[in-house]
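If you're wondering where the values come from, they're calculated on a predicted model, not measured in any experiment. To find a chain, count down the sequence lines: A is the first, B the second, and so on, and within it residues start at 1.
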2 protein chains.
Amino acid sequence: MTEIQNNWPTGIKRTKQRESVLSILEEAEKPLSAMDICSKMGKSGDTAWLSTVYRILELFLKKGIVLKTNIMNSDMAVYELNRFKHKHYAVCINCHKILTMDNCPMEKFIPKLEDEDFYVMGHNLEIFGFCKDCKSH
Amino acid sequence: MTEIQNNWPTGIKRTKQRESVLSILEEAEKPLSAMDICSKMGKSGDTAWLSTVYRILELFLKKGIVLKTNIMNSDMAVYELNRFKHKHYAVCINCHKILTMDNCPMEKFIPKLEDEDFYVMGHNLEIFGFCKDCKSH
DNA sequence: ATGTAAATGCATATTATTCGCATCTTGTCT
DNA sequence: AGACAAGATGCGAATAATATGCATTTACAT
């Protein structure tokens, strides 16, 4: 029995599919697309229709449980658990490898914005370029 | 005769449609979607098929003339002229108003990343929250 | 245990974006 | 200037991600 199953978010009906999506996101080390999640579910025995996964992700998004991003403006959104700590990614233009950045350059910047008539709820930052392996073309 | 028409980018065949897309982007104060551009073309007399606009934007993107972004993970990409100076946006969650940020918090941060086996080509930063008018719900 | 509101399975719709191909333009070479 | 080749556009149709509708099933409060 995982921690998730003990701390089920309040106000959300508990179903096999939702538990499964949540634990897949828990274990993921990088953001996953709806289809990624769907196929991972297939492997672990539980299955869910793709549209159901979308509906679950939409719910989780509204509840603030997951974050949705469009990495490198690809045509597919990816989702990750909202761990309530900053995490940003550096994406390699060539091999699409995703590196995680540990510190956030925004921390000192955001408060300044607050003075300027904008109440900041969050931000996305994406760095793109070439990773170590792809540096030399 | 506008400045654009005098400084046409090299290596790109000059057509009515391309000139039109470029001057619409020149005059735009915020990023535009392909459809936005298409309808603006209709108004100014020139017209172009939507697929043509997409093809033009794709070309401009490859040539580094425009930047493509997905604001607030909407399902529609928006394009803006690459003015070769940093510009980031703060997007209001409620009314989707877009505020332009003049300074970039990344400037001091990026060189640090360079040391860490990643060659940075560029970045996207998006701040979301509530603007002045929407602050009080 | 039962009833009800809500979730899922499944198929089908929607929407942004891309592709194919015939026709038309642009820029080049003479 | 005229003609040609490379490439651009018009237009329609294809693709792919995501959303929706509805009948059936499930979770949970009573």
Side-chain angles (χ1 to χ4, degrees), chain A residues 4-24 31-42 44-63 65-80 96, chain B residues 4-24 31-42 44-63 65-80 96:
Chain A
I4 295 167
Q5 289 171 323
N6 292 323
N7 299 353
W8 189 256
T10 56
I12 293 187
K13 212 181 244 186
R14 190 171 180 153
T15 69
K16 243 193 275 294
Q17 294 85 344
R18 287 172 181 184
E19 282 181 349
S20 179
V21 168
L22 198 47
S23 77
I24 285 170
L32 301 175
S33 70
M35 220 173 336
D36 290 340
I37 293 169
C38 203
S39 35
K40 274 176 194 287
M41 285 179 77
S44 68
D46 303 316
T47 66
W49 221 245
L50 185 55
S51 55
T52 301
V53 173
Y54 274 111
R55 273 188 285 225
I56 292 172
L57 290 170
E58 192 189 358
L59 172 75
F60 285 0
L61 191 62
K62 268 187 199 148
K63 296 287 181 178
I65 295 168
V66 304
L67 302 174
K68 179 183 181 186
T69 335
N70 255 64
I71 286 188
M72 278 307 288
N73 301 315
S74 91
D75 51 359
M76 215 160 61
V78 290
Y79 300 81
E80 66 186 306
H96 296 117
Chain B
I4 295 167
Q5 289 171 323
N6 291 322
N7 300 353
W8 189 256
T10 56
I12 293 186
K13 212 181 242 185
R14 190 170 181 154
T15 69
K16 243 193 275 295
Q17 294 85 343
R18 287 172 181 184
E19 283 181 348
S20 180
V21 168
L22 198 48
S23 77
I24 285 169
L32 301 174
S33 71
M35 219 172 337
D36 290 340
I37 293 170
C38 204
S39 35
K40 275 176 193 285
M41 285 180 78
S44 68
D46 301 316
T47 65
W49 219 245
L50 185 54
S51 54
T52 300
V53 173
Y54 273 111
R55 273 188 285 224
I56 291 172
L57 289 170
E58 191 190 358
L59 172 74
F60 285 0
L61 192 62
K62 267 187 201 149
K63 295 289 180 176
I65 296 169
V66 303
L67 301 174
K68 179 183 181 185
T69 334
N70 256 63
I71 285 189
M72 276 308 287
N73 301 314
S74 91
D75 51 359
M76 216 159 61
V78 289
Y79 300 82
E80 66 186 307
H96 296 116

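- Rounded to a whole Å, the CG atom of A:L50 is 14 Å from the P atom of D:dT20.
- The distance from the CD1 atom of B:I37 to the OH atom of B:Y54 is 9.5 Å, given to the nearest 0.5 Å.
- Taking every heavy atom of both residues into account, B:R18 and B:F60 meet most closely at O-CZ, 3.9 Å.
- To the nearest 0.5 angstrom, A:S33 atom OG is 11.5 Å from A:N70 atom CG.
- In this structure, A:D46 atom CG and D:dT25 atom C1' are separated by 16 Å, rounded to whole Å.
- Evaluated for a side chain to side chain contact (heavy atoms under 4.5 Å, CB included) with A:K40, the options A:L32, A:D46, A:V21 yield exactly one hit, A:L32.
- Note that the CH2 atom of A:W49 and the CE atom of A:M41 stand 12.5 Å from one another [nearest 0.5 Å].
- Partner B:L57 forms a side chain to side chain contact (heavy atoms under 4.5 Å, CB included) with one of B:V53, B:L59, B:L61 and no other, that one being B:V53.
- In this structure, CG in B:D36 is found 6.0 Å from CE in B:M76, a value given to the nearest 0.5 Å.
- In terms of heavy atoms, B:C38 sits closest to B:A48 at SG-O, 3.2 Å.
- A nucleotide of DNA chain C counts as in contact with chain A when one of its atoms lies under 4.0 Å from a heavy atom; the first and last such, 5' to 3', are C:dA5 to C:dA11.
- Of the inter-residue distances, the one linking B:I65 atom CD1 with B:E80 atom CD reads 14.0 Å to the nearest 0.5 angstrom.
- The OG1 atom of B:T10 lies 7.5 Å from the NZ atom of B:K63; values are rounded to the nearest 0.5 Å.
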Take nucleotides 10-17 of chain D nucleotide by nucleotide from the 5' end and write B, S or -, depending on whether a protein heavy atom sits under 4.0 Å from the base, only from the sugar-phosphate, or from neither.
BBB----S

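- Whole-Å rounding puts the A:D36 CG to D:dT18 P distance at 11 Å.
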Between protein and nucleotides 26-29 of chain D, what N or O pairs are separated by less than 3.5 Å?
residue, atom, partner, partner atom, Å
D:dC28, OP1, A:R14, N, 3.0

